[in-house]
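Sharing a structure, written as structure tokens. Questions coming.
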Number of protein chains: 2
Amino acid sequence: MREIKKTEPLHSQVYHIVKEMIMEGKYQPGERMVETKVAENLGVSRGTVREAFRMLTKDDLLAQKENSLFVYHPDAQDILDIYECRKSLESLSAKLAARNITDQQLEQLEQIINESKKALAMPDTQKLTSLNQKFHDTIAFASRNKQLIQLFEVINAKVLYIRNCILKERSESFAVLVSDHEEIFLALKERDPAKAEEKMEAHIQRSLKVANTALSKQMDEPESSLG
Amino acid sequence: MREIKKTEPLHSQVYHIVKEMIMEGKYQPGERMVETKVAENLGVSRGTVREAFRMLTKDDLLAQKENSLFVYHPDAQDILDIYECRKSLESLSAKLAARNITDQQLEQLEQIINESKKALAMPDTQKLTSLNQKFHDTIAFASRNKQLIQLFEVINAKVLYIRNCILKERSESFAVLVSDHEEIFLALKERDPAKAEEKMEAHIQRSLKVANTALSKQMDEPESSLG
DNA sequence: TTATTGTTAACTGTTGACAGTTAACTCTCC
DNA sequence: GGAGAGTTAACTGTCAACAGTTAACAATAA
């Protein structure tokens, strides 16, 4: 029997489209978002856009100020705060994954690492970024904790956004990243929760340091988007 | 000059009202939520209710199934998952608070504990519950990590909901709770991050155990709302 | 020129209407 | 009596319109 394609509701489509556009920097941090314009651009009604905007506001990707909505514009402290939270959640994720991960998921991780090494040799920054995300997603999924996965959705939207729009990821940082991943993978393979947790925490701590130096480099450049 | 009272937007008011009603069990877990009815009850238009529903869905207090929305109905695993996340976030909260808490906030905590002891003597369960929440909120605020506070908003809505609607808090559990709080308070007063973190983790672990036994007691009662 | 006051134009908040879909409830006809 | 078609009623998805607010800009007076 042929699958019937029920079209996804418009408001949901608008949500995903606008979210992606924010992530890609198509809408700039701090930029004002206007219902009317988005509605016109996408060819839908204002009410539909409104629903999407409410959801994006809950994601913290839009923020209300006075009566208008603006694209999220994190300051330096926000970024530190986000990484601090991430450290805690990713450690938990690794710990739980060490208990619950399947052999198949371990294989997936191994493959991701292998591909990462190849991408590192090129080097292919775009691919490294996406593989990095995939690595963490796989572990989160392997934790089998739905609530944790939901919390990641909130925090990861911001992390990705920061990476894309605020920091310009420098390729030299990826080498450390991949070797960290390898250590985490080994801990998971040994199914050692404490070790996985510890390695993950160190890993996030290291990425924070990378972000931090990138951040302070940007502080020097006066035309930077970060004030 | 006289303050001008700008009325809060309707959709926001509806959000808070419906959220509260869900928390209080005025809408039952698993119950279907109908835009039309809520709109009529509150005397606002459907579009307004829609916006509130979108926000509640993001909070996970409503869940979409097919084309309809239902009140969140966590299963036993969800509850364990939530407490696992909470353990991680609350520990972080305590650790950061130990670094950043002000003397005034320490006084607040001390007062909360004193009131808790009084309420424990009565015993006044309602008050104990609200003081418990206040204790944790104060620490979260003292952490000065805005992202963490936002994550708590997501998770706490569920925790409160579970406490109110799923578990019936038994008063005997509160004694342990208050003495735990006292230990955490002392660690914060000494401004010892590691100790605060450790005490908090143990505390949440203990509340999980309380929840767990309450849960299994309920499993025996066949007319329970938990399947 | 600088303030102050109109005057639009641009938006947001809210609503009521309409189309399409699903669910429930008949009413047949076997 | 029961399977299947027909008929409503109940909802959701989407939109267009209107009122109220704010912001920008022009016009006028000091």
Side-chain angles (χ1 to χ4, degrees), chain A residues 1-22 26-73, chain B residues 1-22 26-73:
Chain A
M1 182 160 131
R2 178 86 157 312
E3 275 295 323
I4 292 175
K5 194 193 291 179
K6 293 194 196 177
T7 50
E8 192 186 356
L10 284 185
H11 62 81
S12 173
Q13 292 186 52
V14 171
Y15 166 71
H16 289 297
I17 291 172
V18 175
K19 182 169 177 178
E20 187 145 338
M21 288 176 83
I22 291 176
K26 179 83 186 175
Y27 295 116
Q28 288 290 312
E31 182 177 343
R32 181 172 177 198
M33 295 295 280
V34 175
E35 289 176 3
T36 322
K37 285 179 185 166
V38 175
E40 199 162 329
N41 283 344
L42 300 179
V44 297
S45 83
R46 265 186 57 223
T48 305
V49 174
R50 255 178 109 72
E51 294 183 55
F53 276 15
R54 292 284 165 255
M55 295 192 271
L56 290 164
T57 304
K58 271 283 171 188
D59 285 345
D60 232 24
L61 286 178
L62 296 183
Q64 191 133 25
K65 190 141 197 177
E66 320 280 296
N67 281 327
S68 318
L69 288 175
F70 296 85
V71 177
Y72 181 50
H73 188 24
Chain B
M1 184 157 131
R2 178 84 154 314
E3 274 295 321
I4 292 174
K5 193 192 293 179
K6 292 194 197 177
T7 51
E8 192 186 355
L10 283 184
H11 61 82
S12 172
Q13 292 186 53
V14 171
Y15 166 72
H16 289 297
I17 290 172
V18 175
K19 182 169 177 177
E20 188 145 339
M21 288 176 84
I22 292 176
K26 179 82 185 176
Y27 295 116
Q28 287 291 310
E31 180 177 343
R32 179 169 178 201
M33 294 295 281
V34 176
E35 290 175 2
T36 321
K37 285 180 185 165
V38 174
E40 200 162 328
N41 284 344
L42 300 179
V44 296
S45 83
R46 266 187 56 225
T48 305
V49 173
R50 256 179 109 70
E51 294 183 57
F53 277 14
R54 292 285 165 255
M55 295 194 272
L56 289 163
T57 304
K58 271 282 169 189
D59 284 345
D60 232 25
L61 287 179
L62 296 183
Q64 191 133 26
K65 190 142 199 178
E66 320 281 295
N67 281 327
S68 316
L69 288 175
F70 296 86
V71 177
Y72 181 50
H73 188 25

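Basis for what follows: all heavy atoms, side chains included, without hydrogens, waters or symmetry-related copies. Predicted model only: the values in this text are computed from it and were never measured. Residue numbering restarts at 1 for every chain, and letters A, B, ... go by the order of the sequence lines.
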Contact nearer the 5' end of DNA chain D, comparing A:E66 with A:V44 | A:V44
Could you grab the distance from atom CZ of B:F53 to atom CZ of B:R46, nearest 0.5 Å is fine?
-> 10.0 Å
Beyond-backbone contact of A:M33 with A:L56, side-chain heavy atoms, under 4.5 angstrom = no
Search all heavy atoms of B:E31 against all heavy atoms of B:Q28 and return the closest pair with its distance.
-> OE1-N, 2.7 Å
Given C:dT15, is OP1 or OP2 found less than 4.0 Å from the side-chain N or O atoms of B:T48?
-> yes
Atom-pair distance (CD on B:E40; P on D:dA9), nearest Å | 17 Å
To the nearest angstrom, how far is A:L42 atom CG from D:dT14 atom P?
-> 13 Å
Report the distance from atom CG of A:L10 to atom C1' of D:dT14, rounded to the nearest whole Å.
-> 7 Å
Minimum-distance nucleotide (side-chain atoms of B:E51 versus C:dT14, D:dG13, D:dT12) | C:dT14
Gap between atoms CZ and P, on A:R50 and C:dG13 respectively (whole Å) = 5 Å
Measure the distance from NE2 on B:H11 to C1' on C:dT15 and round it to the nearest whole Å.
-> 14 Å
Okay, side chain of B:Q13, backbone of B:E8: is any donor-acceptor separation there less than 3.5 Å?
-> yes
Where is the tightest heavy-atom contact between B:L61 and B:I22, given as atom of each residue plus distance?
-> O-CD1, 4.3 Å
List in numerical order all residues of residues 54-62 of chain A for which some heavy atom is under 4.0 Å away from an atom belonging to DNA chain D.
-> none
Length of the CD-P vector between B:Q64 and D:dT12, whole Å | 10 Å
Candidate nucleotides D:dT14, C:dC11, C:dT14, ranked by approach to the side chain of A:R46 - the nearest = C:dT14
Establish, with yes or no, whether the OP1 or OP2 oxygen of D:dA10 is under 4.0 angstrom from a side-chain nitrogen or oxygen of B:K37.
-> no
Does the side chain of B:M55 reach to within under 4.5 Å of the side chain of B:H11, using non-hydrogen atoms?
-> yes
To the nearest 0.5 Å, atom OG1 of B:T48 lies from atom CD of B:E35 at 10.5 Å
What integer distance in Å separates B:L69:CG from D:dT12:P?
-> 7 Å
Provide, to the nearest angstrom, the distance between the CD atom belonging to B:E35 and the C1' atom belonging to C:dT14.
-> 15 Å
